[in-house]
Enquirer: 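Sending over a structure as structure tokens; questions will come in a sec.
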Amino acid sequence: MTESAQKPVTIFGPDFPFPYDDWIKHPAGLGEIPADRHGAEVAVIGAGISGLVSAYELMKLGLKPVVYEASQLGGRLRSQPFEGAPPGIIAELGGMRFPVSSTSFYHYVDRLGLGSQPFPNPLTEAAGSTVINLEGETYYARTLADLPPMFREVADAYHAALEEHAHYSALQRAIRNRDVRAIKAIWDPLVREWDERTFYDFVTKSSAFTKLSYRHREVFGQVGFGTGGWDSDFPNSMLEILRVNVTECDDHQRFIEGGVEQVPQGIWRRAPLRLKHWPAGTSLSSLHGGAPLPGVTRIKRRTDQKFDVTDRWGRTKAYDAVVSTCQSWLLTTSIDTDESVFSQKIWMALDRTRYMQSSKTFVMVDRPFWKDKDPVTGRDVMSMTLTDRLTRGTYLFDNGPGKPGVICLSYTWMSDALKMLPLPVDRRVELALSALSKVYPKVNIAEHIIGDPITVSWEADPHFLGAFKGALPGHYRYNHRMFGHFMQKDMPPAERGIFMAGDDVAWIPAWVEGAVQTALNAVWGVMAHFGGRTFKDNPGPGDVYQEIGPVALGD
């Protein structure tokens with residue numbers, strides 16, 4: 001069977017193979033809560049995609065979500081316009097490429113009527129051309145076949161390693177077919193085998209790579225396959241990388257036309273066609289008078305088991321339930337959180353979450369000049385670029401005829417991102433231009449720059465403290481505790497009623513689908529907390545969690 005004839009790969013597990021996309025689009029709806037609880041308020045901390053999805057779905061059930069936001073609506077789905085530019089000319093400071101396997105996320109994209117296009121990743125048709133610059137050598141290519149044999153050897157070796165150690169084809173086939181039993185039969189033993197081993201260990205221990213040179217592993221780390229280099233992830237748990245690979249998060253990626261921030265903004269303003277209790281035309285925006293409440297500074301458990309939530313200006317409101325979607329470290333650094341609301345094992349998991357650093361620097365240019373042809377070689381004068389230099393990844397965005405182009409001069413992670421941390425934006429641009437001038441000595445990028453550059457270092461933002469989770473070996477148990485926290489029936493009463501969501505709670509961090517899926521877990525948890533239920537023909541994640549939930553590793 002050809003790939004085009006197969007069922008599509010979706011982010012269906014593998015840890016918890018539940019069809020979130022089917023649950024949210026079922027005509028019966030997610031469920032119902034008792035009529036006497038309609039209008040009850042639920043605090044939602046954070047107006048990123050996870051907070052807004054949970055608030056939107058809770059509103060449809062007839063509850064009243066009260067959204068708090070300390071910074072900017074949209075969270076890390078942040079599309080910053082260039083000053084004075086035409087609409088849609090933006091820098092995607094957070095999430096910018098969204099795999100088609102993110103089917104729950106695209107459910108909301110489609111509801112909002114937003115368009116998308118293929119993301120210009122290396123060696124894709126959308127990129128046009130790609131330049132790889134390593135150790136001073138430059139290679140120009142449109143496809144992998146245009147590169148020297150070493151690059152094909154690296155790609156083939158990694159795919160062979162996935163087959164050897166992870167039964168990749170069989171696992172992906174089970175995901176395509178949504179065969180829960182087959183997924184768990186393959187994945188659960190892999191959890192036990194690979195939880196405490198790094199990505200680098202996986203690569204070096206595979207027979208495919210041991211036959212190759214150290215240089216091959218170095219090339220794999222620098223330019224990798226698919227979306228680029230992987231060495232920033234070498235210390236991570238291999239389980240995290242396997243999830244990304246097998247669910248094709250690293251492939252078939254698209255960007256949202258006009259900026260992904262339209263998704264959270266659209267959810268905030270959208271009036272659902274079907275909702276309980278509230279009059280037609282009700283939206284999250286209308287429930288809040290147009291804006292979320294200020295950021296939260298305190299969460300305290302009351303003697304009646306409700307929660308007092310205090311915002312930055314000292315206003316305190318009581319709630320029967322809370323959905324916390326902020327990054328987990330903020331519950332100990334920015335929000336004075338009553339220690340009793342979580343067990344000590346949950347606190348251990350929240351505090352041990354490890355965030356990866358990330359930096360981006362963008363400039364707007366007068367036109368997509370990179371499409372000009374070199375009169376000598378006939379090649380594009382500039383290409384999507386992967387390099388071992390300071391910039392690491394450079395991406396080019398053509399916004400259409402007569403419009404300025406946008407260049408992401410540098411997209412880096414971890415130690416490469418930390419090199420940028422203390423530097424102002426102009427210095428970041430200068431360093432990026434200097435590095436790229438070594439790759440493109442005949443191209444004067446600076447003469448095309450218009451407007452002011454835009455940059456971000458997520459680790460410097462006090463409302464985030466990092467870009468996304470990067471689980472280390474041995475962190476599976478922590479992730480299991482956080483992901484499964486929405487299952488609260490057997491918890492002590494003092495620990496019920498507060499639910500966590502967000503991509504750092506998910507099994508696949510850094511990908512928006514994880515934020516959406518954990519938001520839906522929280523919706524199920526709140527619904528159960530208020531005495532509600534799902535419909536028989538549309539069970540929710542909590543209804544099947546005991547049966548198909550993630551494998552438990554002993555303490």
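The first residue in the sequence is number 1, and the count goes up from there.
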Enquirer: For residues 24-35, pull every pair meeting side-chain hydrogen bond (donor to acceptor under 3.5 Å, both in side chains), keeping only residues two or more places apart or in separate chains.
Expert: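 For residues 24-35, and leaving out neighbouring residues, the side-chain hydrogen bond (donor to acceptor under 3.5 Å, both in side chains) pairs sorted by first residue read Glu32-Arg533.
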Enquirer: Only one of Pro509, Ser237, Pro235 clears side chain to side chain contact (heavy atoms under 4.5 Å, CB included) with Arg354; which?
Expert: Pro235
Enquirer: Do the side chain of Arg176 and the main chain of Lys7 share a donor and acceptor less than 3.5 angstrom apart?
Expert: yes
Enquirer: Hey, what do you get for CG (Asp233) to CE (Met238), rounding to the nearest 0.5 Å?
Expert: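 It comes to 10.0 Å.
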Enquirer: Okay, side chain of Asp336, backbone of Thr297: is any donor-acceptor separation there less than 3.5 Å?
Expert: no
Enquirer: Determine which pairs satisfy ring pair (Phe, Tyr, Trp, His ring centres under 6.0 Å) with at least one residue from residues 43-72, sequence neighbours left out, and list them in order.
Expert: none
Enquirer: Could you report the tightest heavy-atom contact between Cys408 and Phe362, atom names first, then the distance?
Expert: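 Heavy atoms only, the tightest pair is CB-CE2, 3.5 Å.
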Enquirer: Which atom names give the shortest non-hydrogen contact between Trp268 and Leu52, and what distance separates them?
Expert: CE3-CD2, 3.7 Å
Enquirer: Quick check: closest heavy atoms across Phe202 and His165, and the distance to 0.1 Å?
Expert: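 Minimum heavy-atom contact is CE1-CB, 3.3 Å.
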Enquirer: Judged by modelled atom types alone, do Thr353 and Asp504 share a side-chain donor-acceptor pair under 3.5 Å?
Expert: no
Enquirer: Checking side chain to side chain contact (heavy atoms under 4.5 Å, CB included) between Phe342 and each of Met491, Glu495, Met500, which is the one that passes?
Expert: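 Running side chain to side chain contact (heavy atoms under 4.5 Å, CB included) over Met491, Glu495, Met500 with Phe342 returns exactly one hit, Met500.
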Enquirer: Tell me the closest heavy-atom pair linking His529 and Ala321, and the distance in Å.
Expert: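 Smallest heavy-atom distance, with atoms named: CD2-CB, 4.0 Å.
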Enquirer: Nearest 0.5 Å, please: how far is CZ in Arg76 from CG in Asp503?
Expert: 4.0 Å
Enquirer: Is it the case that over 12 heavy atoms from other parts of the model lie below 6.0 angstrom from the CE atom of Met348?
Expert: no
Enquirer: Please enumerate all residues that pass salt bridge (Lys or Arg N to Asp or Glu O under 4.0 Å) together with Arg302, with sequence neighbours excluded.
Expert: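 For Arg302, the residues satisfying salt bridge (Lys or Arg N to Asp or Glu O under 4.0 Å) (neighbours in sequence not counted) are Asp304, Asp308.
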Enquirer: Glu339 and Trp347: side chain to side chain contact (heavy atoms under 4.5 Å, CB included), yes or no, with the steps?
Expert: CA-CA 8 Å; Glu339 192 169 290; Trp347 278 118; 3.7 Å; yes
Enquirer: Sub-3.5 Å donor-acceptor pair from the side chain of Arg477 to the main-chain atoms of Gly554, do we have one?
Expert: yes
Enquirer: If the plane angle is over 60° it's perpendicular, under 30° parallel, otherwise tilted; pick one for Phe16 and Phe18.
Expert: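 Aromatic pair Phe16/Phe18 classed parallel.
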Enquirer: For a quick check under 3.5 Å, do Gln80 and Glu261 share a side-chain donor-acceptor pair by atom type?
Expert: no
Enquirer: Which residue in the set Ser101, Ser102, Cys249 passes side chain to side chain contact (heavy atoms under 4.5 Å, CB included) when paired with Ile508?
Expert: Cys249
Enquirer: So, the side chain of Asn479 versus the backbone of Val505: is there a donor-acceptor pair under 3.5 Å, distance only?
Expert: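 Yes, the answer is positive, given that a donor and an acceptor are paired below the 3.5 Å cut-off.
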Enquirer: Calculate, to the nearest 0.5 Å, the distance between atoms CD and OG belonging to Gln327 and Ser334 respectively.
Expert: 10.5 Å
Enquirer: What class does the angle between the rings of Tyr200 and Phe234 fall in, given that below 30° is parallel, 30 to 60° is tilted and above 60° is perpendicular?
Expert: tilted
Enquirer: If you look only at pairs with a residue in residues 507-522, which of them pass as a side-chain hydrogen bond (donor to acceptor under 3.5 Å, both in side chains), with sequence neighbours excluded?
Expert: Tyr20-Asn521, Ser104-Glu513, Glu513-Gln517
Enquirer: Return the CD1 to CD1 distance between Ile45 and Ile335, rounded to the nearest 0.5 Å.
Expert: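 Rounded to the nearest 0.5 Å, the CD1-CD1 separation comes out at 5.0 Å.
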Enquirer: Val526 pairs by side chain to side chain contact (heavy atoms under 4.5 Å, CB included) with which of Leu61, Val322, Val42?
Expert: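 That would be Val42; it is the only one of Leu61, Val322, Val42 passing the side chain to side chain contact (heavy atoms under 4.5 Å, CB included) with Val526.
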Enquirer: Under the salt bridge (Lys or Arg N to Asp or Glu O under 4.0 Å) definition, can you give me all pairs with a residue in residues 90-112, not counting sequence neighbours?
Expert: none
Enquirer: Could you name each residue pair satisfying side-chain hydrogen bond (donor to acceptor under 3.5 Å, both in side chains) that touches residues 33-49, not counting sequence neighbours?
Expert: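 As it turns out, the side-chain hydrogen bond (donor to acceptor under 3.5 Å, both in side chains) pairs with a partner in residues 33-49, which skip direct neighbours, are Arg37-Asp320, Glu41-Lys317.
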Enquirer: Where is the tightest heavy-atom contact between Leu330 and Pro462, given as atom of each residue plus distance?
Expert: CD2-O, 3.4 Å
Enquirer: So, Arg298 versus Thr316: side-chain donor-acceptor pair below 3.5 Å or not?
Expert: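 Per modelled atom types, Arg298 and Thr316 side chains form no pair under 3.5 Å.
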Enquirer: For Val109 and Ser116: C-alpha separation, side-chain torsions, deciding distance, then whether side chain to side chain contact (heavy atoms under 4.5 Å, CB included) applies.
Expert: CA-CA 9 Å; Val109 173; Ser116 65; 5.7 Å; no
